[in-house]
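In what follows, a single structure is set out as structure tokens and then discussed.
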2 protein chains.
Amino acid sequence: MNRQGKKITIRELAEAAGTSAATASLVMNGSWKQHRINPDTAERIRVLAQQLGYQPNQRARALRLSRSSLSGLIIPHHRNRFFAGLAEHFEHESHRRGLIPIIGSTQRVPEIEDKVGASMIAQEVEFLVLAGIRNPSKINAMSRRAGVRCVNLDLPGKDTFSVVTDNMGGALELTRRLLAGLPLNAPVMFLGGRMREYATDLRIEGFHAALSETGRAKTSATVLCCGYDPQAARDALQRIIDAGNDLPAALLVNSITAFEGFATLWRDHPELFSGIRVACFDWDPFASCLPIETIMLRQDVEGLIGRCFDWFDAGQERAGELVLVPPRVVLDNYPPDRNK
Amino acid sequence: MNRQGKKITIRELAEAAGTSAATASLVMNGSWKQHRINPDTAERIRVLAQQLGYQPNQRARALRLSRSSLSGLIIPHHRNRFFAGLAEHFEHESHRRGLIPIIGSTQRVPEIEDKVGASMIAQEVEFLVLAGIRNPSKINAMSRRAGVRCVNLDLPGKDTFSVVTDNMGGALELTRRLLAGLPLNAPVMFLGGRMREYATDLRIEGFHAALSETGRAKTSATVLCCGYDPQAARDALQRIIDAGNDLPAALLVNSITAFEGFATLWRDHPELFSGIRVACFDWDPFASCLPIETIMLRQDVEGLIGRCFDWFDAGQERAGELVLVPPRVVLDNYPPDRNK
DNA sequence: AACTTCTGCTAAATCCATTTAGCATATTTC
DNA sequence: GAAATATGCTAAATGGATTTAGCAGAAGTT
């Protein structure tokens, strides 16, 4: 075979076959017929390539063709079902198109977002998806300058095409179910996320719409945007208790990470939560096993990634346009009789 | 700036500065001092590079230097805390070394494993970590041939250095706690994983060792290796019930995915599980909130990735050697009084 | 004035695969 | 038998950055 640790080049392959590198290249890339290479020669080269374990140097190839064969996805982190699901589908769709996926996480820190974005662009990814980036304009602009096709996912931006979950519709549906049959004067709360952030604002809007529908005043509900950190959500609830107040009768939690804070507090002090109804704008298999009736919303991860690649495949610009993907309500741990 | 969608090359940068490409390259790579480039010239080039937004073409650079600046991690999937944690730490450590991490998942399908491995090697990653690959020998061999440094994580192999959790010690500790105070004749069970697979076998060994310690016969416990699929684990338990038998009094679940099957069955039929004690060789924040006393084991994700990079940094071969990383017992949802 | 030494820079080769234009033979046509 | 056509292949340019060997000219030395 080849020398230890050294990859064989097309020139060596050609030499072994007694041809020129050009011939070998034409054969390896399947365009030998148009170039009238003798079928026997082609076969000989193909067999030899197999035997010698010839693998074209991807970097030389990419340089020549100006195609990196890379695709990039940026997510806040891996440690939640939503982003992990995005990662898996992104991988799958990338492979289907012969692209090698690079996934980078940023912990939602803007500086890291920019750095990871820049590094993906420096790698000349052919397609870049920005998921959950609060302010994607900067990376959108860098992409445009570098000629990298870039789409925003989950949180949109005006500088390129965006794909997002139907946040308002989802929150409306979720809140409707949460309020069904609840006394009009029962205290209701929205917990987690960040004010003035696209997704959170729309979810609050859906939440308020459901309140109005049922004859409740917007002001009758508490909205507590404490970010996405589990501990922050827990602390927010704890402070209510410490202040001597009761927890709400119905609670809409804005993300699975905030829900984690809720869950650990519930675990440690279940007595505080008796009779509470909960809904969560996200889904997790274990969360759906907790013995708290929780209405969960499963975002359509496959659909979201699918729309991104549709845009990529179509090759249209559509800057500023938005595609909404509806989420699905999940009632895993609802008692069957209320599972209409 | 540069023309739309076209990146500026070092030759254009050099032209703008009125120098040769060689000079520009020397300046951009910091080796200009050794080459007696005039500090003024160097400064001029640096300023211009900034203004024009010059970014060296990574592919040309990689081709010339035979360094891809890529690192690769292969995992079964993203959708669980253990592998997601590995991914995040791998990313972090890669960035610290100026490497761009590529993460690929394989759904534990051998054909996909080989394909993803081959594609990483074709990309000439400088460092490759194979996590949770049952039979890494093939990819180990491919790596060696291509001169790619490769380490096995979680499941070891004899062909290169391996880093694994202390499965036996962990299972021993976990089982000890599971059995503490349990009547000698209470039925005990081990659920999930795959027979003859390194990790599972060692965990069973630890499980048996704890049985012996407490005066129980190996044969007194049931070992049910039904793989890693949640549904398979659930079905395995369901079959016991369908056969008219009781579930065990103490259950050691071999992975978080199998635990998911256990959890959904428990959710749907809690009455079947009264008084059961459970331990799980893995951890998940929501799982640790279930109102079932569960002894969980949190693998040291950071330590595992850390040992991999230590090996990479040291540059030694150590083929076949094994490093054990101890896991940590977590008792999140244990009542405080038993939380010694 | 003839020499060495130093300064500041560059030409050219290199990494490897791809692709176009075109060169020899061989074969066919009238 | 000369011209036209077909066959099978290759030389050379290309992509962009890196690096070595070495060229001019200035400055210093005796």
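Chain A is the first sequence line, chain B the second, and so forth, proteins listed ahead of strands; every chain is numbered from 1.
Not counting sequence neighbours, the partners of A/Ser20 by the side chain to side chain donor-acceptor pair (under 3.5 Å) test are A/Thr23. Among residues two or more places apart in sequence or in another chain, the ring-ring contact (aromatic ring centres under 6.0 Å, His included) test is passed with B/Trp311 by B/Phe161. Scored by the side chain to side chain contact (heavy atoms under 4.5 Å, CB included) test, B/Pro76 finds B/Phe83, B/Arg108 as partners (sequence neighbours excluded). Residues satisfying the side chain to side chain contact (heavy atoms under 4.5 Å, CB included) test with A/Ser137, not counting sequence neighbours, are A/Asn135, A/Lys158, A/Asp159. Scanning for side chain to side chain contact (heavy atoms under 4.5 Å, CB included) contacts around B/Asp229 gives B/Gln231, B/Ala232, with sequence neighbours left out. Listed by chain and residue number, B/Phe82, B/Leu86, B/His89 satisfy the side chain to side chain contact (heavy atoms under 4.5 Å, CB included) test with B/Val301 (two or more places apart in sequence, or in another chain).
As rounded to whole Å, 16 Å separates atom C1' of D/dG8 from atom NZ of A/Lys33. A straight line from CZ of B/Arg59 to C1' of C/dT18 spans 16 Å, rounded to a whole angstrom. Atom CG of B/Asn29 is separated from atom P of D/dT20 by 12 Å (rounded to the nearest Å). The distance from atom CD of B/Gln58 to atom C1' of D/dG15 is 15 Å, rounded to the nearest whole Å.
Listed by first and then second residue, the ring pair (Phe, Tyr, Trp, His ring centres under 6.0 Å) pairs that reach into residues 112-156 of chain A are A/Phe127-A/Phe309, A/Phe127-A/Phe312, sequence neighbours excluded. For the ring pair (Phe, Tyr, Trp, His ring centres under 6.0 Å) condition, no pair includes a residue of residues 35-57 of chain A, sequence neighbours left out.
At distances below 3.5 Å, not a single donor-acceptor pair connects side-chain atoms of A/Arg59 with backbone N or O atoms of B/Ser68. At least one donor-acceptor pair under 3.5 Å links the side chain of A/Glu88 to the backbone N or O of B/His78.
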Kindly give the atom pairs (protein nitrogen or oxygen, nucleotide nitrogen or oxygen) under 3.5 Å for nucleotides 27-29 of chain C.
none

Give me, pair by pair, the N or O atoms of the protein and of nucleotides 7-12 of chain C that are less than 3.5 Å apart, along with how far apart they are.
unit_1: C/dG8; atom_1: N7; unit_2: B/Arg36; atom_2: NE; d: 3.2
unit_1: C/dG8; atom_1: N7; unit_2: B/Arg36; atom_2: NH2; d: 2.9
unit_1: C/dG8; atom_1: O6; unit_2: B/Arg36; atom_2: NH2; d: 2.9
unit_1: C/dC9; atom_1: OP1; unit_2: B/Thr41; atom_2: OG1; d: 2.9
unit_1: C/dC9; atom_1: OP2; unit_2: B/Asn38; atom_2: N; d: 2.7
unit_1: C/dC9; atom_1: OP2; unit_2: B/Thr41; atom_2: OG1; d: 3.2
unit_1: C/dT10; atom_1: OP2; unit_2: B/Ser20; atom_2: N; d: 2.9
unit_1: C/dT10; atom_1: OP2; unit_2: B/Ser20; atom_2: OG; d: 3.1
unit_1: C/dT10; atom_1: OP2; unit_2: B/Thr23; atom_2: OG1; d: 2.6

Please write out the pairs of protein N or O atoms and N or O atoms of nucleotides 13-16 of chain C separated by less than 3.5 Å, giving the distance to one decimal.
unit_1: C/dT14; atom_1: O2; unit_2: B/Arg64; atom_2: NE; d: 3.1
unit_1: C/dT14; atom_1: O2; unit_2: B/Arg64; atom_2: NH1; d: 2.8

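B/Glu93 has a carboxylate O that lies under 4.0 Å from a charged side-chain N of B/Arg97, or vice versa, which qualifies the two as a salt bridge.
End-to-end axis angle of the helix from C/dA1-D/dT30 to C/dC30-D/dG1, using five pairs per end and rounding to 10°, comes to 60°.
Considering A/Leu153, A/Asp154, A/Asn152 in turn, A/Asn152 is the only one that fulfils the side-chain contact (heavy atoms from CB on, under 4.5 Å) rule with A/Ser162.
Residues B/Asn29 and B/Arg61 bring a donor and an acceptor atom of their side chains to less than 3.5 Å of each other.
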